[in-house]
Protein chains: 2
Amino acid sequence: MSENFTPDSSLQQQMETFEETCRTADLKLTHQRLEIYRELAKATDHPSAEMLHKRLQKTMPTLSLDTVYRTLTTFEQHHLVKKVQTVDSQARFEAQMVQHHHLICDSCKEIMDFHWNSFDSTPLPADIRQWGTIRNKNVTIHGTCQKCQALKKVKKRT
Amino acid sequence: MSENFTPDSSLQQQMETFEETCRTADLKLTHQRLEIYRELAKATDHPSAEMLHKRLQKTMPTLSLDTVYRTLTTFEQHHLVKKVQTVDSQARFEAQMVQHHHLICDSCKEIMDFHWNSFDSTPLPADIRQWGTIRNKNVTIHGTCQKCQALKKVKKRT
DNA sequence: GCTCACAGTAAGAATTATTCTTATTTGCAT
DNA sequence: ATGCAAATAAGAATAATTCTTACTGTGAGC
Ligand SMILES: [Mn+2]
Ligand SMILES: [Mn+2]
Ligand SMILES: [Zn+2]
Ligand SMILES: [Zn+2]
């Protein structure tokens, strides 16, 4: 590990990969695309388009919500980001493209990543294979996070 | 197995359980509720509210789409149906409440059930336990179903 | 079986999330 | 530096879902 290591070094790396992918895909490197990608890449909470827009407006007051949506869709088509499947109406996004799974708090809607290598390497039940071509398999865990549990206890006491 | 066994016997059973649950929950047994539940219970494709409405309109021409939505929401609150999490804008529903998992075709959006008991009884990675209270864990498999694969091949030949 | 209170419904308006249209701006190849 | 296709901003439009309101029907009590 180098002496120049900073918590941002992986983000820097990710930005470079992003720029490279854009150039290869003939996507122009606009300020909007760079900032939207950076904001999503540094987020760990799987923000919605609206959340991203709100965060970015502080530094880019003229950024339109439509651009956020359009840009995320473009990124998705180029496998730079993923739409996360939820039961809620607003779509949630992430720039984390390596295989992982999700913990979802049904109370605050927080989405957290986790890894589960032993699951990833477990073969599927045999009878599923004939269904078609399988692209990926993912686990979603629903529950209530610590924070929300604590809040509930406080409320009960009232 | 009785001589009176018919393919519908389990649906009959499910309808009785449904009626019982409604009575216990002080939900009036309206024609709309009965038919919406029956239609969803007999479906295996996880229909959207709109799909259910379309199917029911044949026999109930005055049924409003709003009633379908409202009724499904009521059922969901009483754990009679579940909203299925997808990446698409239209919500999909099911009356199948026993633990199971989903195969989703990214091409035709078909959602299929499957069971995986060995997964269900596998403990979660230890480091997840501290996140909060876990309610359930489910697997979603994405891919392309046989039908869609066949269609693609035909198209390629053209 | 009849009546009545009130939960539930239909219809259309409203809201929310997302996408489209169009005039203007910008990245980048030349 | 110039030109032009691609991208953006703003607001209109669309799609999915929910709300409002006047009317209807379920089922408890007689
Ligand atoms: Mn994730
Ligand atoms: Mn299912
Ligand atoms: Zn929470
Ligand atoms: Zn398919």
Side-chain angles (χ1 to χ4, degrees), chain A residues 15 18-37 39-40 46-54 56-78 80-93 109, chain B residues 18-40 46-54 56-78 80-93 109:
Chain A
M15 287 308 299
F18 166 74
E19 293 184 23
E20 185 51 35
T21 307
C22 285
R23 272 189 289 268
T24 315
D26 273 315
L27 293 177
K28 290 185 178 171
L29 282 170
T30 65
H31 183 49
Q32 289 88 338
R33 282 179 177 162
L34 283 162
E35 293 312 309
I36 290 169
Y37 185 81
E39 193 68 37
L40 185 58
H46 306 76
S48 66
E50 203 186 0
M51 285 152 90
L52 279 175
H53 181 240
K54 201 164 287 172
L56 288 163
Q57 264 192 325
K58 285 159 194 162
T59 50
M60 303 172 73
T62 66
L63 178 70
S64 77
L65 179 57
D66 175 63
T67 296
V68 178
Y69 274 110
R70 189 169 14 79
T71 302
L72 288 171
T73 304
T74 306
F75 289 171
E76 206 190 358
Q77 286 161 349
H78 292 273
L80 284 163
V81 313
K82 276 205 298 236
K83 203 181 266 194
V84 178
Q85 66 177 39
T86 65
V87 80
D88 304 304
S89 46
Q90 273 195 224
R92 306 275 294 261
F93 298 87
K109 310 298 175 189
Chain B
F18 166 74
E19 293 184 21
E20 185 50 35
T21 308
C22 284
R23 272 189 289 268
T24 314
D26 273 315
L27 293 177
K28 289 186 178 170
L29 282 170
T30 66
H31 183 49
Q32 289 87 338
R33 282 179 178 163
L34 283 162
E35 294 313 309
I36 290 169
Y37 185 81
R38 191 196 315 280
E39 193 69 36
L40 184 58
H46 306 75
S48 65
E50 202 184 3
M51 285 153 90
L52 279 174
H53 181 240
K54 202 163 286 171
L56 287 163
Q57 264 192 324
K58 286 159 194 160
T59 51
M60 303 172 73
T62 67
L63 178 71
S64 77
L65 179 57
D66 174 63
T67 296
V68 178
Y69 274 110
R70 188 168 15 79
T71 301
L72 288 171
T73 303
T74 305
F75 289 172
E76 207 191 356
Q77 287 161 350
H78 291 274
L80 284 162
V81 313
K82 276 205 297 237
K83 202 181 266 194
V84 178
Q85 67 177 35
T86 65
V87 79
D88 304 304
S89 45
Q90 274 196 224
R92 306 274 294 262
F93 298 86
K109 309 299 175 188

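Order of the sequence lines fixes the chain letters, A, B, ..., with proteins taken first and strands second; residue numbering starts at 1 for each chain.
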Expected output: side-chain A:Thr71 to main-chain A:Val68 donor-acceptor under 3.5 Å: no
Geometric class of the B:Phe75/B:Tyr37 ring pair [parallel <30°, tilted 30-60°, perpendicular >60°]: perpendicular
Euclidean distance, atom CD of residue B:Gln90 to atom C1' of D:dT14 [Å, nearest integer]: 13 Å
B:Arg70 and B:Thr67: side chain donor to acceptor below 3.5 Å: yes
Nearest-nucleotide comparison on DNA chain D, the residue closer to the 5′ end among A:Thr62 and B:Thr73: A:Thr62
For atom CG of A:Asp66 and atom C1' of C:dT16, their distance in whole Å: 16 Å
What are the atom names and distances for every N/O pair under 3.5 Å that joins the protein to nucleotides 22-28 of chain C?
from	atom 1	to	atom 2	distance (Å)
C:dC28	OP1	A:Leu29	N	3.0

Separation of atom NZ in A:Lys83 from atom C1' in C:dA17, rounded to whole Å: 10 Å
Identified side chain to side chain donor-acceptor pair (under 3.5 Å) counterpart of A:Ser48 within the set A:Lys109, A:His53, A:Gln90: A:Gln90
Touch class at under 4.0 angstrom, heavy-atom based, for A:Arg33 against every strand present: sugar-phosphate
Distance in angstrom units between B:Leu72 CG and C:dT9 P, rounded: 11 Å
Atom-to-atom span, CG of A:Asp88 to P of C:dT15 - whole angstrom: 22 Å
Sequence neighbours excluded, every pair satisfying salt bridge (charged side-chain N to carboxylate O under 4.0 Å, His left out) that has a member inside residues 28-40 of chain B: B:Glu35-B:Arg38, B:Glu39-B:Lys42
Distance, rounded to the nearest Å, where B:His78 contributes NE2 and C:dG8 contributes C1': 13 Å
Below 4.0 Å: OP1/OP2 of C:dA10 and any side-chain N or O of B:Thr67: yes
d(CD1, A:Ile36; C1', D:dA7) in whole Å: 11 Å
Qualifying residues under side chain to side chain donor-acceptor pair (under 3.5 Å), relative to A:Arg92, sequence neighbours excluded: none
A:Arg70 side-chain proximity, nearest of D:dT20, D:dT8, D:dG11: D:dT8
Test item: A:Glu19 and A:Leu34 side chains (from C-beta on) under 4.5 Å apart, heavy atoms: yes
Whole-Å distance separating the NZ atom of A:Lys54 from the P atom of C:dT16: 12 Å
Sugar-phosphate only, base, or nothing, as touched by B:Ala91 at under 4.0 Å among non-hydrogen atoms: sugar-phosphate
Most 5' of B:Asp26 and A:Pro61 on DNA chain D, judged by nearest nucleotide: A:Pro61
